[in-house]
Peer 1: 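My structure is below; once you've seen it, I'll send some questions.
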Amino acid sequence: MHTVIIERPAVNLAALDSDLRAALGAAVLGVSAGPGRVAVHLADFVTADQVQQARVIAAGHDPARLSPAQQAAIARGQKLEAARRDLRGPELDLAAYAGQTALLARLAQKIAWLEQELLALREGL
Amino acid sequence: MTPIWTPPRTWATGELVTAALLNAHLRDNLEFLKTPPTDAYTLNETADYTTTSTAFVDVDAARLALTLITAGGDVLIGFTGTFGRSGVTMVIYLDVEVDGARLAGDDGLLFEQFGTGGANDKVLHFVALRRGLPAGSHTFKLQWRVNTGLATLYAGAGTLNKDVHPQFWAREVS
């Protein structure tokens with residue numbers, strides 16, 4: 001394994017990992033960071049050019065720039081928060097489904113049960 | 001002064017016991033047993049440690065690299081620390097590199113799995129015995145890897161409510 005050490009503070013490790021893998025593919029085993037330094041771990045078969053490329057990417061890394069996965073996670077979180085804000089109200093009232101067909105009433109029961117399970121999971125019950 | 005271990009002498013009948021012999025075989029050996037070769041490091045850093053490496057790598061090749069000058073025999077190695085994950089289902093593995101070779105090999109000494117809906121932070125700790133090291137200088141490095149995602153080792157870096165101080169240590173025990 002080749003390890004390239006860069007002395008630099010503050011990295012967005014997930015984004016740097018994503019950038020390196022996009023550029024160098026399977027040659028990248030991962031990235032580590034500790035106080036004041038970043039280590040890029042490369043496979044044995046890397047070329048000198050790839051080592052240099054990894055060094056340039058790590059040195060020029062902008063910690064403020066998010067990886068696609070981080071952007072997607074933030075978008076998912078915002079969507080969920082919006083749904084919680086807009087849709088959360090009183091729990092499902094099964095009495096409102098009393099006159100419906102047996103199939104629809106059963107579906108309402110299932111949804112009410114799932115609602116309770118989700119609430120329990122979120123509250124750590 | 002570093003205590004020196006001398007293999008205990010087999011005394012002969014009528015042998016003159018000198019001060020030098022007593023000092024070497026009683027005083028020095030007892031001092032060695034009282035204070036065996038030991039090295040330890042408690043993290044109190046300016047930043048936590050993180051990795052995405054899927055191959056075992058040093059957590060910190062400078063700070064978490066212990067050195068013992070042993071009299072020869074077994075060495076006990078220990079670690080305790082708290083690890084976090086990056087929000088995905090993932091596994092963290094730990095091992096120790098002794099003089100350039102991993103102690104356990106394969107997937108290491110231990111792993112901890114972070115599952116869906118489970119805790120985001122977990123304590124990992126181990127005590128491991130490295131048997132039969134020859135006398136001399138030996139280096140012990142903590143190593144880690146993940147199967148996917150990003151792992152964090154909280155290192156006393158002031159992270160809110162996670163300002164904990166992992167410890168890595170090694171001591172000759174025989």
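These values consider heavy atoms only, across backbone and side chains, with no hydrogens, waters or symmetry-generated copies. Predicted model only: the values in this text are computed from it and were never measured. Proteins get letters first, then strands, A, B, ... in listed order; numbering begins at 1 in each.
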Peer 1: Is the CG atom of Leu107(A) crowded by more than 12 outside heavy atoms at less than 6.0 Å?
Peer 2: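 It does: Leu107(A) CG has more than 12 such atoms within range.
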Peer 1: Would you please test Thr51(B) and Val31(A) for side-chain contact (heavy atoms from CB on, under 4.5 Å) and show each step?
Peer 2: CA-CA 6 Å; Thr51(B) 194; Val31(A) 196; over 6 Å; no
Peer 1: Can you say whether Arg145(B) sits under 4.5 Å from chain A via the side chain, the backbone, both, or neither, judging by heavy atoms?
Peer 2: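 It is neither, since no heavy atom gets under 4.5 Å.
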Peer 1: Please report the interatomic distance NE2(His41(A)) to CG(Asp58(B)), rounded to the nearest 0.5 Å.
Peer 2: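 Output value for this atom pair is 8.5 Å.
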Peer 1: Report yes or no: do Ile6(A) and Val51(A) belong to one cluster of Ile/Leu/Val/Met/Phe/Trp/Tyr joined by side chain heavy-atom distances under 4.5 Å?
Peer 2: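 Yes, it is one cluster - the side chains of Ile6(A) and Val51(A) are joined through contacts under 4.5 Å.
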Peer 1: Please determine whether residues Leu142(B) and Leu110(B) belong to a single hydrophobic cluster, defined as Ile, Leu, Val, Met, Phe, Trp and Tyr linked transitively by side-chain heavy-atom distances below 4.5 Å.
Peer 2: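 Looking at the clustering, Leu110(B) is in the same group as Leu142(B).
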Peer 1: Quick one: do Leu66(B) and Phe126(B) end up in the same hydrophobic cluster if we chain Ile, Leu, Val, Met, Phe, Trp and Tyr together by side-chain heavy atoms under 4.5 Å apart?
Peer 2: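 Looking at the clustering, Phe126(B) is in the same group as Leu66(B).
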Peer 1: Measure the CE-OG distance between Met1(A) and Ser53(B) for me, rounded to the nearest 0.5 Å.
Peer 2: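 It comes to 5.0 Å.
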Peer 1: Thr54(B), Asp48(B), Val57(B): which one forms the most heavy-atom pairs within less than 4.5 Å of chain A?
Peer 2: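 The option with the most such pairs is Val57(B).
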Peer 1: Is it the case that more than 12 heavy atoms not belonging to Asp106(B) sit under 6.0 Å from its CG atom?
Peer 2: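 Result for CG/Asp106(B): open.
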Peer 1: Mind checking whether Thr52(B) and Leu13(A) have side chains closer than 4.5 Å, heavy atoms only?
Peer 2: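 Thr52(B) vs Leu13(A): side chains touch.
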Peer 1: Could you look at Asp60(B) and say if it's the side chain, the backbone, both or neither that has a heavy atom under 4.5 Å from chain A?
Peer 2: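 Answer is both: backbone and side chain atoms of Asp60(B) are under 4.5 Å from chain A.
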Peer 1: Quick check against the 3.5 Å criterion: does Thr50(B) have a side-chain atom that pairs as donor or acceptor with the backbone of Ser32(A)?
Peer 2: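 Answer holds: no.
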Peer 1: Spell out, yes or no, whether Val75(B) and Val98(B) are grouped together once hydrophobic residues are joined by side-chain heavy atoms under 4.5 Å, including indirect joins.
Peer 2: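 The answer is yes; both residues are in one hydrophobic cluster.
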Peer 1: Arg37(A) and Val59(B): which non-hydrogen atoms are nearest, and at how many Å?
Peer 2: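 Minimum heavy-atom separation between Arg37(A) and Val59(B): NH2-O, 2.8 Å.
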Peer 1: Starting from Leu150(B), can I reach Tyr93(B) by hopping between I/L/V/M/F/W/Y residues whose side chains sit under 4.5 Å apart?
Peer 2: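 Tyr93(B) does not cluster with Leu150(B).
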Peer 1: Minimum heavy-atom separation for Tyr49(B) to Gly34(A), with atom names?
Peer 2: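 So the two residues come closest at CD2-CA, 3.6 Å.
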